[in-house]
Amino acid sequence: MENSKDDLKIQSFDLETQKLLKTALKDPASVNLEKVSNIIIDQSLKDQVFSKEAGRICFAIVQAESKQNNGSVFRRNLLNRLQQVFTEREKLRKSSRQEWVCYVTFICNVFDYLKVNNMPMVALVHPVYDCLLRLSQPDALLNEDEVDCLVLQLHRIGEQLERINPQRMDELFYLLRDGFLLQDGLTSMARLLLLEILEFRAGGWVLSNTAQKYYYSELAD
């Protein structure tokens, strides 16, 4: 674990919470791990920067607890709370598009970092797919923030997800292809992002140098 990076993320909290999180990273048995998981999720829902890397902190606490007493209290509480928010996801999206995007970013980040025997956590596969499929629906494709979130997550974990369940990835990309080809009202940025992710998967989850130069020069303009 790169302490400097994790310390920077923890610094977005007040001093008392920073102390609690640092203790959880070193001596998890001495703190209330349900409270710790709630703090991390609450912060992830309101802070987009934090939601992109909070999985690293979760992974570090899971590792520390496992080493200390072979426990899984933190992981269990984390998954329970993620499940609670997941069941209310449509309500969350209606009340705050930003919190919804942060939630998807966070659950994908947790999926990326938390592994069991070096394998992704099976419990997260379908919820992650369901979130990404929701971002692929016509109403979400009209929202640039949701398209941006979708494309970022697919860059990060698309290949892992496809290995586990290729049929659902096909379903997702049918929606994206139809959205790109048929949907009215897409912004030029959303259209560019969709084209890039379609090409990214078609190339085996890599972009050719030519395509990379093209898309990144377009995105920079």
Side-chain angles (χ1 to χ4, degrees), residues 1-3 5-66 68 71-116 120-135 140 145-146 148-150 152-153 156-157 160-161:
M1 190 176 99
E2 295 165 46
N3 285 329
K5 279 192 176 180
D6 289 302
D7 284 349
L8 282 173
K9 290 195 287 292
I10 287 171
Q11 279 167 17
S12 55
F13 294 97
D14 61 65
L15 289 174
E16 189 181 337
T17 307
Q18 284 184 43
K19 189 177 170 192
L20 175 68
L21 292 175
K22 283 176 180 174
T23 306
L25 287 161
K26 287 176 186 148
D27 182 16
S30 69
V31 296
N32 180 336
L33 290 170
E34 182 179 3
K35 183 179 179 184
V36 171
S37 65
N38 284 334
I39 284 168
I40 291 170
I41 291 178
D42 289 342
Q43 184 69 12
S44 294
L45 288 177
K46 63 186 182 192
D47 181 343
Q48 210 158 356
V49 175
F50 183 77
S51 71
K52 287 177 182 174
E53 286 299 333
R56 282 169 52 83
I57 296 175
C58 294
F59 173 70
I61 295 171
V62 165
Q63 291 286 92
E65 190 189 7
S66 179
Q68 189 175 46
S72 59
V73 174
F74 176 78
R75 187 173 68 194
R76 191 169 64 249
N77 281 303
L78 181 73
L79 292 176
N80 284 345
R81 179 75 195 284
L82 281 171
Q83 177 64 30
Q84 283 169 16
V85 181
F86 176 76
T87 56
E88 301 280 314
R89 63 194 179 283
E90 204 55 46
K91 197 188 285 185
L92 177 68
R93 184 178 178 270
K94 282 195 180 105
S95 67
S96 170
R97 204 65 61 92
Q98 186 190 339
E99 283 192 20
W100 157 241
V101 164
C102 284
Y103 173 75
V104 177
T105 303
F106 178 64
I107 195 172
C108 290
N109 196 247
V110 170
F111 172 82
D112 191 25
Y113 276 107
L114 259 62
K115 301 282 192 276
V116 177
M121 293 185 66
V122 176
L124 289 175
V125 175
H126 284 301
V128 166
Y129 260 123
D130 286 345
C131 288
L132 297 180
L133 280 157
R134 183 64 188 89
L135 291 174
D145 287 343
E146 288 183 278
D148 189 52
C149 174
L150 172 67
L152 282 172
Q153 304 324 312
R156 183 165 200 157
I157 60 170
Q160 289 181 63
L161 282 170

Discussion item. If the condition is salt bridge (Lys or Arg N to Asp or Glu O under 4.0 Å), which residues does R75 pass it with, not counting sequence neighbours?
Written reply: none

Worksheet entry | D47: salt bridge (Lys or Arg N to Asp or Glu O under 4.0 Å) partners, not counting sequence neighbours | none

Taking the side chain as every heavy atom from C-beta outward, state whether [X] and [Y] have any pair of such atoms under 4.5 Å apart.
X    : Y    : value
L132 : L135 : yes
N109 : R156 : yes
V85  : F106 : no
Y113 : E53  : yes
L114 : L78  : yes
N38  : E34  : yes

When rounded to the nearest 0.5 angstrom, what is the spacing between [atom1] in [X] and [atom2] in [Y]?
X    : Y    : atom1 : atom2 : result
I41  : N80  : CD1   : CG    : 9.5 Å
I39  : L21  : CD1   : CG    : 6.0 Å
R89  : R134 : CZ    : CZ    : 9.0 Å
S12  : K46  : OG    : NZ    : 9.0 Å
M121 : D112 : CE    : CG    : 13.5 Å
W100 : Y103 : CH2   : OH    : 8.0 Å

So, for [X] and [Y], which heavy atoms are closest and what is the spacing to 0.1 Å?
X    : Y    : value
L25  : A64  : O-CB, 3.4 Å
P120 : K115 : N-CD, 3.5 Å
I61  : F74  : CG2-CG, 3.6 Å
Q153 : T105 : NE2-OG1, 3.6 Å
S51  : C102 : CB-O, 3.7 Å

Worksheet item: What ring-ring contact (aromatic ring centres under 6.0 Å, His included) pairs are there with at least one residue in residues 20-66, not counting sequence neighbours?
Response: F13-F50

Worksheet entry | Residue pairs, two or more places apart or on separate chains, that pass salt bridge (Lys or Arg N to Asp or Glu O under 4.0 Å) and touch residues 79-88 | D42-R81, E88-K91

Item to complete: Given side chain to side chain contact (heavy atoms under 4.5 Å, CB included), test L79 with L124 step by step and report yes or no.
Response: CA-CA 8 Å; L79 292 176; L124 289 175; 3.8 Å; yes

Item to complete: Could you pull out all residues at least two apart from D148 that satisfy side chain to side chain contact (heavy atoms under 4.5 Å, CB included)?
Response: L152, L193

Worksheet item: Taking only residues two or more places apart in sequence, or in another chain, which ones meet P127 in a side chain to side chain contact (heavy atoms under 4.5 Å, CB included)?
Response: F86, I107

Discussion item. Would you say that more than 12 heavy atoms from the other residues, nucleotides or ligands in this model lie under 6.0 Å from the CD of E16, or not?
Written reply: no

Practice prompt. Ignoring hydrogens and angles, tell me if any N or O in the side chain of T23 forms a donor-acceptor pair with the backbone of K19 under 3.5 Å.
Written response: yes

Item to complete: Answer with yes or no whether the side chains of D145 and Q98 bring together a donor and an acceptor at under 3.5 Å.
Response: no

